[in-house]
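Naming convention: chains lettered A, B, ... in sequence-line order (proteins, then strands); numbering from 1 in each chain. Every heavy atom of this structure was used, including side-chain atoms; hydrogens, water molecules and symmetry mates were not.
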Protein chains: 2
Amino acid sequence: MDKKTELISPDLKEMAQLAKALSHPVRLYIVMSLAHMNSCCYSGDLAEEIGVGRSTLSQHLKELKFAGLIQGEIEAPYIRYCLNRDNWQKARQLFNNLFAEKNNL
Amino acid sequence: MDKKTELISPDLKEMAQLAKALSHPVRLYIVMSLAHMNSCCYSGDLAEEIGVGRSTLSQHLKELKFAGLIQGEIEAPYIRYCLNRDNWQKARQLFNNLFAEKNNL
DNA sequence: TCTTTATTTCGCAAATTTACGAAATGTTTT
DNA sequence: AAAACATTTCGTAAATTTGCGAAATAAAGA
């Protein structure tokens with residue numbers, strides 16, 4: 001129960017994690033595509049599309065997955081990555097709250 | 001004019017930078033306080049409040065300043081840090097766009 | 001079963017981030 | 001002018017991030 005525990009709330013920490021997941025252009029591009037196109041993607045296609053190594057892209061997908069923003073389902077021999085809609089909604093709420101205009105003094 | 005230049009737009013890069021600035025709990029706490037409380041802050045006070053070294057906090061402020069999210073005006077012997085409202089508004093738009101529900105297929 | 005295909009994990013190197021105390025800067029007060 | 005104060009910059013060390021190719025996994029097709 002030190003100061004940090006009070007001040008830096010779990011929500012805030014979670015949000016910082018989300019922001020970190022979104023803090024790389026490639027990851028932001030991926031997530032933005034998925035959200036706006038309402039589509040899913042395949043690792044290999046993306047690697048070629050973006051022009052980055054396959055292992056590199058896999059790493060980015062892993063981080064987005066770890067942050068809960070996307071999920072992959074096997075569609076052999078591919079893995080189909082889609083937004084995790086529940087967590088995406090949660091992230092939306094957190095960021096909406098951050099940017100909310102409650103400044104009506 | 002390679003692929004990356006097309007795909008990873010300036011807006012997207014800027015947003016990734018903003019996300020990076022927001023990706024640390026301390027920085028997120030600072031910005032959130034400033035936004036929600038509609039207030040300003042002083043480096044020393046914050047360092048004590050959060051429980052982090054003064055030089056460390058100065059570094060975080062520097063990064064927020066670099067990202068354009070805050071600005072400091074001299075109020076000797078202090079420096080008063082406030083949100084940069086214009087850029088904050090810009091950031092809001094970028095993130096609102098990211099999370100916009102245009103998924104009505 | 002063996003080969004091909006899609007993806008991930010591993011190992012590694014370069015770059016960046018984080019945090020701190022000490023020293024430097026600049027201002028106020030004595 | 002000197003002491004006190006708020007803040008930043010510097011130097012440094014530990015941890016993390018980034019990107020890649022090579023090797024490992026796992027499943028599909030011949």
(Q) Measuring from the side chain of A:Val52 (C-beta onward, heavy atoms only), which nucleotide among C:dT8, D:dC20, D:dG19 has the closest atom? (A) D:dC20
**Q.** Value in whole Å for how far the P atom of D:dC20 lies from CD1 of A:Ile50
**A.** 11 Å
Q. CG of B:Leu57 versus P of D:dT7: gap in Å, rounded?
A. 9 Å
Q: Report the distance from atom CZ of B:Arg80 to atom P of C:dT27, rounded to the nearest whole Å.
A: 19 Å
Q | Lys/Arg-Asp/Glu bridge criterion (N-O < 4.0 Å) met for A:Lys20, A:Glu63 | A | no
Q: Could you state the atom-to-atom distance from CD of A:Glu48 to P of C:dT7 in whole Å?
A: 12 Å
Q. Quick one: which of C:dT18, D:dG19, C:dT7 gets closest to the side chain of A:Thr56?
A. D:dG19
Q: Indicate yes or no for a side-chain donor-acceptor contact from B:Arg27 to the backbone of B:Leu22 under 3.5 Å, with no hydrogens or angles considered.
A: no
Q: Compare the minimum distances between each of D:dT9, C:dT8, D:dT7 and the side chain of A:Ser58, then state the nucleotide with the smallest one.
A: C:dT8
Q) Quick one: A:His24 NE2 to C:dT16 P, roughly how many Å, whole number? A) 12 Å
**Q.** Whole angstrom value for the distance that separates C1' of C:dG26 from CZ of B:Arg54
**A.** 16 Å
**Q.** Candidates C:dT17, C:dT8, D:dT9 - which lies nearest the side chain of B:Lys20
**A.** C:dT17
(Q) What residues from residues 60-78 of chain A pass a heavy-atom cutoff of under 4.0 Å to DNA chain D? (A) A:His60, A:Glu63, A:Ala76
Q. Counting N and O atoms only, with roles assigned by atom type, does the side chain of B:Ser33 sit under 3.5 Å from a partner on the main chain of B:Tyr29, one being a donor and the other an acceptor?
A. yes
Contacts under 3.5 angstrom, residues 66-80 of chain A side chains, donor-acceptor by atom type, not counting sequence neighbours:
| from | atom 1 | to | atom 2 | distance (Å) |
| --- | --- | --- | --- | --- |
| A:Gln71 | OE1 | A:Asn84 | ND2 | 3.3 |
| A:Glu75 | OE1 | A:Tyr42 | OH | 2.5 |
| A:Arg80 | NH1 | A:Tyr42 | OH | 2.9 |

Q. Within the structure shown, what part of the strands sits under 4.0 Å from B:Ser43 by heavy-atom distance: base, sugar-phosphate, or nothing?
A. sugar-phosphate
Q.
Rounding to an integer number of Å, can you tell me how far B:Glu49 CD sits from D:dA6 C1'?
A. 17 Å
Q: Measure the acute angle between the ring planes of B:Phe95 and A:Phe95, then classify it against the limits of 30° and 60° as parallel, tilted or perpendicular.
A: parallel
**Q.** Heavy-atom donor-acceptor pair, B:His36 side chain to A:Asn97 backbone, under 3.5 Å
**A.** yes
**Q.** Heavy-atom closest pair, residues B:Trp88 and A:Leu98
**A.** CZ2-O, 3.5 Å
Q) Heavy atoms under 4.0 Å, any strand shown: does A:Arg27 hit a base, just sugar-phosphate, or nothing? A) sugar-phosphate
Q | A:Gln59 CD - D:dT16 C1' separation (whole Å) | A | 12 Å
